[in-house]
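Remarks on the structure that follows.
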Number of protein chains: 2
Amino acid sequence: MKKKVTLKQIAKELDVSVSTVSKALRNSSEISLDTREKVQAFAKLYNYRPNNIAISLKNRKSKNIGVIIPEIVHHFFTMVISGIENVANSNGYNVIVCLSNESFAREVVNMEMLAHGSIDGFIMSLSKETQEKGDYHHLREVVNQGMPLVMFDRVADEIYCDKVVIDDAQAAYNAVNHLIATGCRKIAIITTEDHVSVGKLRTLGYQNALQDAGIPFNENLVVKVDGEEACEKAVHQLLKYQVVDGIFGVNELFAIIAMREALKRGFKVPEDIAVIGFTDGILSKYSNPPLSTVVQHGFEIGVMAGQMLIDKLEERETEDHYRTEVIKTSLELRESTR
Amino acid sequence: MKKKVTLKQIAKELDVSVSTVSKALRNSSEISLDTREKVQAFAKLYNYRPNNIAISLKNRKSKNIGVIIPEIVHHFFTMVISGIENVANSNGYNVIVCLSNESFAREVVNMEMLAHGSIDGFIMSLSKETQEKGDYHHLREVVNQGMPLVMFDRVADEIYCDKVVIDDAQAAYNAVNHLIATGCRKIAIITTEDHVSVGKLRTLGYQNALQDAGIPFNENLVVKVDGEEACEKAVHQLLKYQVVDGIFGVNELFAIIAMREALKRGFKVPEDIAVIGFTDGILSKYSNPPLSTVVQHGFEIGVMAGQMLIDKLEERETEDHYRTEVIKTSLELRESTR
DNA sequence: AACTCGAGCGAAAACGTTTTCGTGTTAAAA
DNA sequence: TTTTAACACGAAAACGTTTTCGCTCGAGTT
């Protein structure tokens with residue numbers, strides 16, 4: 001078990017100074033060819049690699065990116081991480097992932113943990129609880145300290161920083177519009193409580209699509225739920241008491257559950273009821289029938305966010321100017337719509 | 001934009017030495033109560049936090065755990081990460097995630113990147129390519145340097161380190177056995193090429209179960225595929241030319257695809273053909289019919305791996321003794337089996 | 001008055017680098 | 001022979017901590 005070798009040890013062994021070793025390894029012309037070769041050979045022999053921590057301290061940058069997300073067992077978020085990791089890696093950065101588990105407190109402590117030297121910048125998506133509280137002091141703090149921050153998906157309008165979002169309202173509009181275009185008139189929406197920013201926006205898009213098509217808005221067709229069982233029950237009730245020929249689920253799971261309930265009650269999908277979801281995950285692809293969805297392009301979001309952050313870090317960006325990039329969604333039409 | 005304040009700055013401002021500030025902040029009795037209070041007040045006012053990097057350098061430990069996995073858009077791996085993150089976080093560690101994307105080269109460079117100071121220990125699962133090549137020099141190197149390593153799921157027998165696995169063969173045995181117990185006799189297995197360690201083991205369990213039940217092994221019923229389309233085609237052929245009344249898929253996707261093909265050819269599941277999968281993911285839960293599976297308890301695997309690593313790091317473990325923990329699987333019986 | 005002792009603090013080393021600024025030696029130029 | 005300049009290298013500072021050791025000053029003891 002040979003421990004890591006340091007410059008100092010090489011220096012001692014070769015009877016030169018630490019600075020000479022350092023320069024020799026970087027092939028500085030300041031050092032004689034002789035010495036350079038000797039040092040490099042020795043270094044290779046002992047498999048010398050500079051200590052990252054020491055370099056970090058010296059350069060005052062860690063080459064680490066902190067990513068804070070609400071959960072990781074989630075198709076969209078993993079796609080985003082994949083994208084971030086991709087650009088991070090090709091720029092020599094590592095990715096430190098922390099999970100808030102949708103909790104405000106954990107979000108705060110994780111940020112605090114990371115903010116003091118461990119990372120050079122943040123990429124994050126807010127926890128539900130944080131959005132509910134509307135307390136963003138921890139974000140303010142890091143941006144005030146001059147640490148670059150890129151938010152994605154669940155963002156806070158009142159924080160000035162780079163952002164990567166999709167046009168939730170427009171995407172929802174397109175989805176509902178497709179339902180309308182294919183003959184649906186009594187379209188229900190399964191959405192979240194209003195404090196989740198994206199749920200709210202998607203609901204807005206739904207309303208706009210109806211309005212533009214001249215279809216009266218029916219309060220009874222909007223179902224707000226939180227969680228799986230609640231969703232199941234609510235859809236059950238919905239189908240029992242309302243006439244519905246189309247369902248727009250604000251996320252993948254809601255759409256899948258709605259479709260399942262519709263099937264269970266004997267409706268044919270898409271003939272009797274067409275269903276469309278949001279967030280193209282693995283479920284949509286393999287459900288029966290395969291679910292039509294709005295695809296968010298999580299990987300591209302991750303790439304964009306990573307790129308924006310790294311631009312800031314390497315100052316390829318003008319200081320103090322924040323962008324909000326909107327990644328285009330698209331419709332993946334499969335067999336749950338006509 | 002106020003930059004981070006350091007001990008030195010506090011010292012200068014208060015006209016004391018750096019050491020005094022350091023001691024005062026740790027409430028050392030060496031420092032007068034007066035000075036302590038003054039320093040602490042000032043530190044609080046300026047929101048002082050020690051610089052992690054400096055601490056890391058001093059202590060020669062980073063309080064970071066490196067996790068290298070083949071991919072992250074994958075239910076099982078995210079469950080494991082969740083588990084790791086959980087114990088890491090409650091022990092004051094951060095998790096650095098790197099993806100090998102099933103590539104040997106990326107696995108190597110990622111390990112190299114992390115191994116020099118960035119982390120205190122590794123948790124990893126091998127990439128397919130690495131298993132294929134059987135080249136583990138990068139693992140050897142890190143363990144030789146005295147860096148703790150915990151492998152999980154896709155492990156290398158020839159590397160001496162802590163491991164967390166499931167009993168793949170036994171789990172497969174149980175799954176196939178359940179098929180047999182419920183009346184299946186012509187049981188097919190959809191598996192991977194032999195170089196993937198877990199695929200091989202699961203195939204072994206399948207064979208053993210057949211043997212113990214006195215069912216002759218039929219070469220034509222084992223389908224080895226790599227990738228989704230290949231799987232689809234192979235199952236298609238299988239069902240066309242062979243009589244099958246049970247299918248064991250070596251992972252979730254294979255089982256789902258097999259079930260879909262069976263349904264497509266007009267078989268009833270589970271009446272005509274029973275299907276059971278491996279790895280309980282979201283697909284199994286929401287498929288139609290819901291898929292019976294072997295559940296791997298990824299979260300527990302992550303917790304175990306994290307705990308083992310931290311035990312080593314904090315030396316609560318006797319040096320130089322490596323454990324292999326086997327996390328028990330269980331059968332989640334849903335509606336794809338009788 | 002000389003001594004001891006402890007309280008309160010600072011200097012310095014250490015962690016592993018990189019980089020700036022000398023400094024001594026040697027060979028070429030005057 | 002003296003000056004100059006290039007060459008090859010080393011010392012030291014810096015990044016931000018923690019910790020050991022030593023110093024000074026005043027009060028209490030003989």
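Keep in mind that what you see is a predicted model, and the values were worked out from it rather than measured. A note on names: the letters A, B, ... follow the listed sequences, proteins ahead of strands, and every chain is numbered from 1.
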Selection from D:dT19, C:dT18, C:dT17 that lies nearest to any side-chain heavy atom of B:Ser22: D:dT19

Closest approach to the side chain of A:Pro50, judged atom by atom: which nucleotide of D:dT17, C:dT17, D:dG16 is it? C:dT17

Ignoring hydrogens and angles, answer whether the base of [N] and the side-chain atoms of [X] contain a donor-acceptor pair closer than 3.5 Å.
X       : N      : value
A:Ser32 : D:dA8  : no
B:Lys23 : C:dG10 : yes
A:Glu30 : D:dC9  : yes
A:Ser17 : D:dA11 : no
B:Lys58 : C:dG16 : no

Select base, sugar-phosphate, or nothing to describe what A:Arg49 touches, counting heavy atoms under 4.0 Å on all strands. sugar-phosphate

Pick base, sugar-phosphate or nothing for B:Ser56, based on heavy-atom distances below 4.0 Å to the nucleic acid. nothing

According to a strict under-4.0 Å criterion, is B:Lys8 in side-chain N/O contact with OP1 or OP2 of D:dA14? no

When you check the phosphate oxygens OP1 and OP2 of D:dG16, does a side-chain N or O of B:Thr6 lie under 4.0 Å from one of them? no

Side chains of B:Asn86 and A:Asn101, donor plus acceptor under 3.5 Å: no

Classify the ring geometry between B:Phe77 and B:His74 as parallel (under 30°), tilted (30 to 60°) or perpendicular (over 60°). tilted

Just so I know, are the side chains of B:Ile72 and B:Thr78 near enough to count as touching, which here means a heavy-atom distance under 4.5 Å? yes

